[in-house]
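Numbers restart at 1 for each chain; the letters A, B, ... are given by sequence-line order, proteins then strands.
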Amino acid sequence: MYPKEIEKILQKVQKPGRYVGGEIHSVIKNKDEVDVRFTFCFPDIYEIGMSHLGIKILYGAFNQVPYFWCERVFAPWVDMEQQMLEKKIPLYALESGDPVKDFDFIGFTLQYELSYTNILNMLKLAGIPLRSEDRHDLFNIVVAGGPCACNPEPLADFFDLFFLGDGEEVDIEVMELYRQCKKEGVGKHEFLVRAAQIEGVYVPSLYNVEYNPDGTIKSYTPKEGAPAKVCKRNVNNMDGAYFPEAFPVPLIEVIHDRVSVEVLRGCIRGCRFCQAGFLYRPFREKSIETIDRQCRALCASTGYDEISLSSLSTSDYSSLNELLDCLHRWTEKAKVSLSLPSLRVDNFSPELMERVNSVRKSGLTFAPEAGSQRMRDVINKNVTEEELLRTVNVAFAEGWTRIKLYFMIGLPTETIDDVLAILELGKKVVDAFFANKEKPRGKPVEVSLSAAAFVPKPFTPFQWFGQDSMELLHEKQHELKANNRSRRVSVSYHGAETSFLEAVFARGDRRLCAVLERAIEQGFHFDSWDECFDFARWMELFELCGLDPAFYASRARGFDEIFPWDHLDYGVRKEFLIEECKRAYEGKTTPNCREKCSNCGAACYKGGICVENR
Amino acid sequence: MKTVRVWFSKTGAAKYISHLDLTRCMARALKLSKLPVWYTEGFNPHIYMTFAMPLSLGTEGLRECMDIRLTEGIDLTEAAKKLAENLPKDIAVLEITEPVLGFDATAYAEYELSINSEEPQVLADSIDDILSQDSIIVMKHTKKGEKEFDIKPHFTLLDKQTGPGLLRVKLRASCSQEGSVNPALLLEAVKRYENVELYAEITRIRLLTKDFSDMR
Ligand code: SF4
Ligand code: SF4
């Protein structure tokens with residue numbers, strides 16, 4: 001139910017279907033009969049937010065509780081935002097149409113750093129004070145979870161609390177606590193003090209930060225009984241974890257218009273650049289029976305004809321073939337197709353391809369991440385050139401002619417030769433095509449190489465690394481483009497500037513709150529969209545606030561430095577990350593969790609692959 | 001195999017979804033309803049569906065129709081009920097019938113425009129004036145840019161009613177496979193001749209044949 005006043009402005013905006021709700025399985029309750037109202041805010045447009053699995057899980061989990069009501073809100077696109085501002089219509093939730101400022105909880109998911117302005121802008125559009133200290137009552141509690149909560153410090157002044165790790169249990173415990181506090185009539189501060197005792201809850205206002213003269217962190221001191229180390233929450237039993245049997249089915253087309261079922265959490269591989277690989281340890285699988293049941297339930301409730309078996313690395317599922325067999329028993333008859341979100345170079349086979357369709361449309365995509373073997377060893381991406389060439393040969397024989405390869409540039413120890421090796425690899429793929437006897441006739445081969453600039457992230461072995469300067473990144477990009485001699489190979493790269501800003505916020509501290517606050521005053525939003533991103537204006541903001549962005553992005557740190565996220569605990573020990581960092585610089589790889597346990601620390605959760613027999 | 005005609009309404013939130021989105025939504029609902037619908041053949045089979053007249057985005061439809069094919073004879077009342085259960089609340093199934101006429105028999109549609117106005121009577125009079133002109137030229141947005149267009153031969157005023165802050169206009173406009181005229185062009189005409197910008201909720205009430213009888 002959208003508010004009646006927006007009817008007029010909907011005629012003036014693109015895709016009004018984003019703003020009206022009304023989907024099947026959207027949950028409507030009577031607001032007088034619920035105790036706690038939660039609005040799940042996704043800081044991007046509807047089509048992106050509605051493609052996100054996390055929101056579907058939590059939406060279902062919250063609404064299962066009769067006295068909770070969870071609704072959805074997405075960032076209005078710039079045209080809608082302008083109309084809402086002009087007509088003074090505050091941000092509203094899609095289910096009830098009620099203003100966001102009527103809700104007990106306002107929850108955000110922190111998926112990427114460049115969404116921070118959207119988050120704060122949504123609070124502004126809702127008419128809610130940005131700073132936690134300016135919201136005095138036990139009401140409008142602003143919370144967040146998601147991967148970027150592992151270093152939420154640049155947002156610390158705005159949020160009342162953060163959820164670390166798996167959200168499905170801890171979020172509900174906090175909502176229960178709120179309900180209890182409401183009944184007892186205690187205030188917001190007492191609620192936060194009590195919440196900080198729940199595992200997986202970080203209340204930033206309960207920590208005093210001191211800085212050294214050089215700007216690095218001197219200490220984090222907890223107060224009022226808050227834990228010195230905040231441990232992430234971990235759900236061990238994936239079969240027992242809540243998973244929805246239905247979710248709102250968008251009326252308009254969204255990015256991923258299909259059923260998506262999580263088959264496992266975590267990843268066995270410790271690619272050293274990959275934050276998710278460390279944050280979500282240990283690797284935990286659902287059983288075939290559970291996945292099958294969840295796929296059936298969701299197909300039966302949504303009417304979708306495609307299932308995506310989603311996770312960080314679905315092809316590492318230990319019984320993938322049995323799983324596909326099991327699903328095929330009914331999906332074919334039901335005219336439902338299966339897709340895997342990510343393919344790995346080392347297990348691509350014609351058999352697998354026959355059983356998952358959907359890739360056919362768009363060409364094949366692989367991520368070797370680096371061009372030279374030396375570089376791949378540094379980042380622990382255990383893919384060899386032979387494997388890649390064998391894989392593309394299979395693909396050519398099966399009729400594919402378009403191959404897209406993803407790389408990163410600006411990796412630790414990278415030289416210009418490593419960069420140019422990306423082109424050589426591309427060229428070898430082209431050569432493999434011409435040498436292939438079974439290649440499709442009459443269609444030219446197209447190899448596109450896409451190079452992203454590397455962003456060092458917290459909780460990875462590269463968290464000490466100073467990001468390449470933008471000049472150096474531009475130079476590497478230029479070399480890549482200028483040295484491409486093949487007409488069959490195309491090179492694209494994007495965003496040294498956006499990567500720089502990401503690097504600033506990824507490893508930032510609380511002083512950056514001032515920058516974000518100013519950004520909101522000046523109307524910043526949708527920084528992850530090219531049409532809105534304005535790097536020069538960002539640099540002016542840092543200048544205005546007297547902060548040097550290079551301090552956060554480009555500065556190499558020593559192993560003894562205290563980080564703004566060191567009081568947060570994701571199971572993986574800092575000493576392990578130091579070891580991994582040293583191994584990286586020595587070009588030594590580390591086996592994956594299935595081959596051998598490397599004793600990273602995540603075994604403390606006593607679950608998943610850490611306790612399985614190898 | 002039998003072709004049947006599904007009559008439905010598209011109101012509220014559903015009026016803001018495009019024709020393509022409506023098609024997807026119907027396909028999912030048909031799939032969920034488990035009706036014995038016919039799929040097209042070929043590499044990528046999909047449920048066969050064809051719509052009489054797409055609605056423009058933002059316009060409500062009270063009695064729209066689409067044809068599907070059934071591979072088995074079933075009770076159509078029961079089928080309508082099943083389909084209705086699987087559609088979002090703002091798309092309602094009115095009935096499923098056996099088609100009498102082809103879609104090419106559609107010639108006009110009847111619309112209601114609820115126009116916000118502080119002086120509805122004044123607005124009603126100026127609409128009368130405009131509609132009594134020999135030609136009513138508006139600018140029409142086309143793929144090739146703006147074009148002058150005479151709406152006079154396409155519009156027939158059926159009824160007018162004033163209420164507080166509101167003018168309701170019922171009119172008949174061309175609506176056929178050869179070409180349809182958007183009733184919102186009446187608002188364009190008022191803008192052009194009277195220089196006032198209007199907001200209206202537009203509802204397509206029903207589709208008509210060339211002798212103004214209901215589509216069947
Ligand atoms: S395979 Fe590597 S990059 Fe992919 S999720 Fe696992 S650790 Fe990350
Ligand atoms: S403790 Fe061992 S098995 Fe468990 S996540 Fe760490 S390295 Fe992998």
Point to revise | Proximity breakdown for A:Lys4 and chain B, heavy-atom pairs closer than 4.5 Å | key: side chain
Exercise for review: Return yes if some donor-acceptor pair links the side-chain N/O of B:Asp21 with the main-chain N/O of A:Ile252 below 3.5 Å, else return no.
Suggested key: no
Point to revise | Contact class of A:Thr302 relative to chain B, heavy atoms under 4.5 angstrom | key: backbone
Review point. Given B:Ile68, which of B:Met49, B:Met26, B:Lys2 fulfils the side-chain contact (heavy atoms from CB on, under 4.5 Å) condition?
Key: B:Met49
Review point. Considering only heavy atoms, which portion of B:Ala200 lies under 4.5 Å from any heavy atom of chain A: side chain, backbone, both, or neither?
Key: backbone
Review point. Donor-acceptor pair, B:Asp150 side chain versus B:Ile137 backbone, under 3.5 Å?
Key: no
Check your understanding: Under 3.5 Å, is there a donor-acceptor pair between the side chain of A:Lys335 and the main chain of B:Pro45?
Key -> no
Check your understanding: With a 4.5 angstrom heavy-atom cut-off, which part of B:Asn86 approaches chain A: side chain, backbone, both or neither?
Key -> backbone
Exercise for review: For each of A:Val249, A:Asp257, A:Val20, A:Asp305, tally heavy-atom pairs with chain B at distances under 4.5 Å, and name the one with the top tally.
Suggested key: A:Val20
Practice item. Measure B:Lys15 against the heavy atoms of chain A and call it side chain, backbone, both or neither at under 4.5 Å. Key: side chain
Exercise for review: Please confirm whether the backbone N or O of A:Ile255 pairs with a side-chain atom of A:Ser51, one donor and one acceptor, at under 3.5 Å?
Suggested key: yes
Revision key, fill the gap. So, the part of A:Tyr304 with a heavy atom under 4.5 Å from chain B: the answer is both
Review point. Where on B:Leu87 is there a heavy atom nearer than 4.5 Å to chain A: the side chain, the backbone, both, or neither?
Key: backbone
Check your understanding: Using a cut-off of under 4.5 Å for heavy-atom pairs, which of A:Pro250, A:Pro16, A:Cys299, A:Ala300 has the most such pairs with chain B?
Key -> A:Pro16
Review point. Looking at A:Phe103, is A:Arg37 sitting on its ring face, NZ or CZ under 6.0 Å from the six-membered ring centre and within 45 degrees of the normal?
Key: yes
**Study point:** Test of ring centre spacing under 6.0 Å for B:His154 and B:Phe149
**Key:** yes
